[in-house]
J.: 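If you scroll down you'll find the structure; I have some questions about it.
Any value given below was found using the heavy atoms of this structure, including those in side chains, with hydrogens, waters and symmetry copies removed.
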Amino acid sequence: MSDRLPVIFLAGSTAVGKSAVAAALADLINAEIVSCDAMQVYREANIISDKPSSDLQRRIPHHLIDVVSVTEEFSAARYRALASAATADIHSRGKIPLIVGGSGMYMMALLDGLFEGDVNSVVRAELEAVDPVELYAELKQVDPDAAAAIPSENVRRIVRALEVYKATGIPFSQVKQRREGFWGKYAVRIFGLERPREELYRRVEVRIDQMVTAGMMEEVRSLLTLPLSSTGARIIGVPEVKGVVDGVYDIERAVYLMKLHTRHYVKRQMTWFRKDKRIEWLTLASGETPVAIADRIYKNIKHA
RNA sequence: GGGUAGGUACCCAAGUGGCCAAAGGGGACAGACUGUAAAUCUGUUGAGCUUGCUCUUCCAUGGUUCGAAUCCAUGCCUGCCCA
């Protein structure tokens, strides 16, 4: 631990209260924040991605927010490249990088790395045109290990596995073992914030109601006039409001769907983070202030 | 008050004598995840255990039948139409 530079991760699901805790912790340890959020990277999505306020961003430097337009495709790889650079930059200024977010895959990409194997959009498009049953049969042929690990129904992952094989000539199941990330390179501590599920869901509802009063509808309506990328079009709130714009249902229904989809997302985030045994969990009491929580983490770091 | 359609599991909904602990969908819960990840996909969902079986279910009560969610009677409740 001695000679390695410190990096602190703060993980947790949507609406658990990460941002406020991160800000308080950043003050305590003189850190800069690196957002680990697949949607806060989008410049035009402010309300629906629940970005930290501009005041907060002025007080504490935040990285990986507003880095691309919603018209651009984003990915774990782009995130990894940018976040790695931001981390090095923060270190170079003698500060601690505090990586905060709920996008499990992006966090994994940073923590454990990604293998070489770029997206080949031409190959991908070809594969996506093929009958899924045939695709799966092909994967079985070419890479039985990957086929065994991926359910035949999950076309998305089958396509990806085949795409990597075709691009690299190496089976996906082998390629994916070659990678390295922050874990082992830096002195990493990963803290996870959790709350009782019921309380989390209540917080989700409150947050989305607040988004509505903050002008979410208008924001999404203007987003919908842009040629959204496939990733940008998936921010929770965009497809839901599109239904209103298209006259399929009313606003009330859209809000209900946003809450529902966010709850589902929270569930998947929990599943993702729970399996990572490196995470040090803190269960939050409902009345506990962000400063108090940050202090718990701070003491934990100091005593390590 | 009269007529009519109906009451099925957490919700919606199929089933109209045995193959029904009961299709399907939603929700909920659990899980997978290596460049689209706020994506994509899987499992469980009456109870109990020795996981195959036992027990308790389809508004209520009574009846018909070897056998009822399914047929009959009565009651209660709901929607619609007429008064």
J.: Base, sugar-phosphate, or nothing: which does A:I150 touch, judged by heavy atoms less than 4.0 Å apart?
T.: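 It contacts nothing in the nucleic acid.
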
J.: Using the C1' atom on both, measure B:G24 against B:A5 and round to a whole Å.
T.: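 Result for the C1' pair: 23 Å, nearest Å.
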
J.: If the cut-off is 4.0 Å, is A:R160 near the phosphate of B:G35, judged by side-chain N/O to OP1 or OP2?
T.: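 It does, given that an N or O in the side chain of A:R160 lies less than 4.0 Å from OP1 or OP2 of B:G35.
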
J.: In this structure, how many angstroms lie between the C1' atom of B:G31 and the CZ atom of A:R268, rounded?
T.: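 Distance check: A:R268 CZ to B:G31 C1' gives 13 Å.
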
J.: How would you label the contact of A:Y106 with the nucleic acid (heavy atoms, under 4.0 Å): base, sugar-phosphate, or nothing?
T.: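 The residue A:Y106 makes sugar-phosphate contact but no base contact.
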
J.: For B:G6, give its Watson-Crick or G-U wobble partner with both distances under 3.5 Å, or none.
T.: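 Its partner is B:C77 (Watson-Crick or G-U wobble, both distances under 3.5 Å).
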
J.: Regarding A:D112, tell me which of base, sugar-phosphate or nothing describes its non-hydrogen contacts under 4.0 Å with the strands shown.
T.: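 Answer is nothing: A:D112 stays at 4.0 Å or more from every strand.
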
J.: Where the side chain of A:W272 is defined as all heavy atoms beyond and including C-beta, which of B:A37, B:U36, B:G27 is the nearest nucleotide?
T.: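 Minimum distance to the A:W272 side chain belongs to B:A37.
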
J.: Starting at the 5' end of RNA chain B and moving along, which residue's nearest nucleotide shows up first, A:R274 or A:E73?
T.: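 With A:R274 and A:E73 compared, the 5'-side residue is A:R274.
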
J.: Rounded to whole angstrom, note down the C1' distance from B:A60 over to B:C77.
T.: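 Nearest-Å result for B:A60 against B:C77 at atom C1': 11 Å.
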
J.: Any side-chain heavy atom of A:R296 sitting closer than 4.5 Å to one from A:E288?
T.: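 Result yes, sub-4.5 Å side-chain heavy-atom pair found.
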
J.: Within a strict 4.5 Å, meaning less than it, do heavy atoms of the A:R43 and A:V70 side chains meet?
T.: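 No, their side chains stay 4.5 Å or more apart.
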
J.: Have A:T231 and A:Y42 got a donor and an acceptor in their side chains that come within less than 3.5 Å?
T.: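 Distance-only check passes for A:T231 and A:Y42.
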
J.: Who is the Watson-Crick or G-U wobble partner of B:C55, with both distances under 3.5 Å?
T.: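 Looking at the geometry, B:C55 pairs with B:G46.
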
J.: Of all the choices, B:G35, B:A28, B:A37, which nucleotide is nearest to the side chain of A:F172 once you look at every atom?
T.: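 Of all the options, the side chain of A:F172 is nearest to B:G35.
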
J.: Which of these nucleotides, B:U36, B:A38, B:U34, is closest to any side-chain atom of A:S230?
T.: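 Nearest to the side chain of A:S230 among the choices is B:U36.
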
J.: Of the options B:A38, B:U40, B:G35, whose atoms approach the side-chain atoms of A:M105 most closely?
T.: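 Of the candidates, B:G35 comes closest.
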
J.: What is the separation between atom CD1 on A:I158 and atom P on B:U42, rounded to the nearest whole Å?
T.: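 So the CD1-P distance, A:I158 to B:U42, works out to 11 Å.
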
J.: Given that both distances must come in under 3.5 Å, which nucleotide forms a Watson-Crick or G-U wobble pair with B:C71?
T.: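 The base-pairing partner of B:C71, which may sit in any strand shown, is B:G63.
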
J.: Does the side chain of A:D37 pick up a donor-acceptor pair with the side chain of A:S103 at under 3.5 Å?
T.: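 The criterion, which ignores hydrogens and geometry beyond distance, is not satisfied for A:S103 and A:D37.
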
J.: What contact category does A:S229 fall into here, base, sugar-phosphate, or nothing, at under 4.0 angstrom with non-hydrogen atoms?
T.: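 If one applies the 4.0 Å heavy-atom cut-off, A:S229 turns out to touch nothing in the nucleic acid.
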
J.: Return no unless some side-chain N or O of A:R157 is found under 4.0 Å from OP1 or OP2 of B:U34.
T.: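 So the side-chain polar atoms of A:R157 do come within 4.0 Å of the phosphate oxygens OP1 or OP2 of B:U34, strictly under.
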
J.: Return the pairing partner of B:G1 with a 3.5 Å limit on both distances, Watson-Crick or G-U wobble; otherwise return none.
T.: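 Checking every strand shown, B:G1 finds its partner in B:C82, with both distances under 3.5 Å.
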
J.: Rounded to the Å, how far apart are A:F115 CZ and B:C33 P?
T.: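 Taking atom P of B:C33 as the reference, CZ of A:F115 is at 14 Å.
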
J.: To the nearest angstrom, how far is A:D50 atom CG from B:A38 atom P?
T.: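 Rounded to whole Å, this separation is 14 Å.
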
J.: Taking atom types as modelled and ignoring hydrogens, do the side chains of A:T271 and A:K275 form a donor-acceptor contact shorter than 3.5 angstrom?
T.: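 There is no such pair between these side chains.
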
J.: Checking all strands, does A:H261 fall into the base, sugar-phosphate, or nothing category for heavy-atom contacts under 4.0 angstrom?
T.: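 Nothing, no heavy atom under 4.0 Å.
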
J.: Suppose you measure atom P in B:C12 against the same atom in B:G63; what distance do you get, rounded to whole Å?
T.: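 Comparing P positions in B:C12 and B:G63 gives a spacing of 31 Å.
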
J.: Rounding to the closest angstrom, what is the interatomic distance between B:A73 and B:U78 at atom P?
T.: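 Comparing P positions in B:A73 and B:U78 gives a spacing of 22 Å.
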
J.: Checking side-chain hydrogen bond (donor to acceptor under 3.5 Å, both in side chains) for the pair A:S13/A:Y265: CA distance, chi angles, key distance, verdict?
T.: CA-CA 8 Å; A:S13 68; A:Y265 174 47; over 6 Å; no

J.: Separation of A:K267 atom NZ from B:G31 atom C1', in whole Å?
T.: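 Rounded to the whole Å, the gap is 6 Å.
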
J.: A:M108 or A:E153: which one's nearest nucleotide on RNA chain B is closer to the 5' end?
T.: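 Here A:M108 is the residue nearer the 5' end.
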
J.: Among B:C41, B:U36, B:G35, which nucleotide has an atom closest to any side-chain atom of A:P151?
T.: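 The answer is B:C41, which lies nearest to the side chain.
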
J.: If I take atom CG in residue A:D145 and atom P in nucleotide B:U34, what distance separates them, rounded to the nearest angstrom?
T.: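 A:D145 atom CG is separated from B:U34 atom P by 14 Å.
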
J.: Touch check for A:E128, heavy atoms < 4.0 angstrom, all strands: base, sugar-phosphate only, or nothing?
T.: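 Base: the residue A:E128, judged by heavy atoms under 4.0 Å, touches a nucleobase.
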
J.: To the nearest Å, how far apart are A:N154 CG and B:U34 C1'?
T.: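 These atoms are roughly 14 Å apart.
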
J.: Donor-acceptor pair, distance only, cut-off 3.5 Å: does the side chain of A:R80 make one with the backbone of A:L110?
T.: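 Not at all, since once roles are kept as given, no pair shorter than 3.5 Å links the two residues.
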
J.: With ring centroids as reference points, do A:Y106 and A:Y79 lie under 6.0 angstrom apart?
T.: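 Yes; A:Y79 has its ring centre under 6.0 Å from that of A:Y106.
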
J.: Among B:C29, B:A28, B:A37, find the nucleotide with the atom closest to the side chain of A:Y201.
T.: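 Closest of the options to the side chain of A:Y201: B:C29.
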
J.: What is the distance, rounded to the nearest whole Å, between atom CE of A:M270 and atom C1' of B:A28?
T.: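 Distance check: A:M270 CE to B:A28 C1' gives 14 Å.
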
J.: State whether A:R197 places a side-chain N or O below 4.0 Å from either non-bridging phosphate oxygen (OP1 or OP2) of B:A30.
T.: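 Result: yes.
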
J.: Can you tell me, in whole Å, how much space there is between the C1' of B:A69 and that of B:G17?
T.: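 The same atom, C1', in both gives a distance of 10 Å.
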
J.: When you compare B:A68 with B:G18, how far apart are their C1' atoms, in angstrom units rounded to a whole number?
T.: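 To the nearest whole Å, 10 Å.
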
J.: When rounded to the nearest Å, what value does the distance between C1' atoms of B:C71 and B:G15 take?
T.: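 So the two C1' atoms sit 15 Å from each other.
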
J.: Counting only side-chain nitrogens and oxygens, does A:R78 get under 4.0 Å of the OP1 or OP2 atom of B:G35?
T.: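 No, outside the criterion.
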
J.: Please state whether the phosphate of B:G35, meaning OP1 or OP2, lies under 4.0 angstrom from any side-chain nitrogen or oxygen of A:R124.
T.: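 Indeed not, no polar side-chain atom of A:R124 lies that close.
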
J.: Given the C1' atoms of B:U44 and B:U51, what is the spacing between them in whole Å?
T.: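 Nearest-Å result for B:U44 against B:U51 at atom C1': 14 Å.
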
J.: Tell me which nucleotide among B:A28, B:A32, B:U36 gets nearest to the side chain of A:T271.
T.: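 The nucleotide sitting nearest to the side chain is B:A32.
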
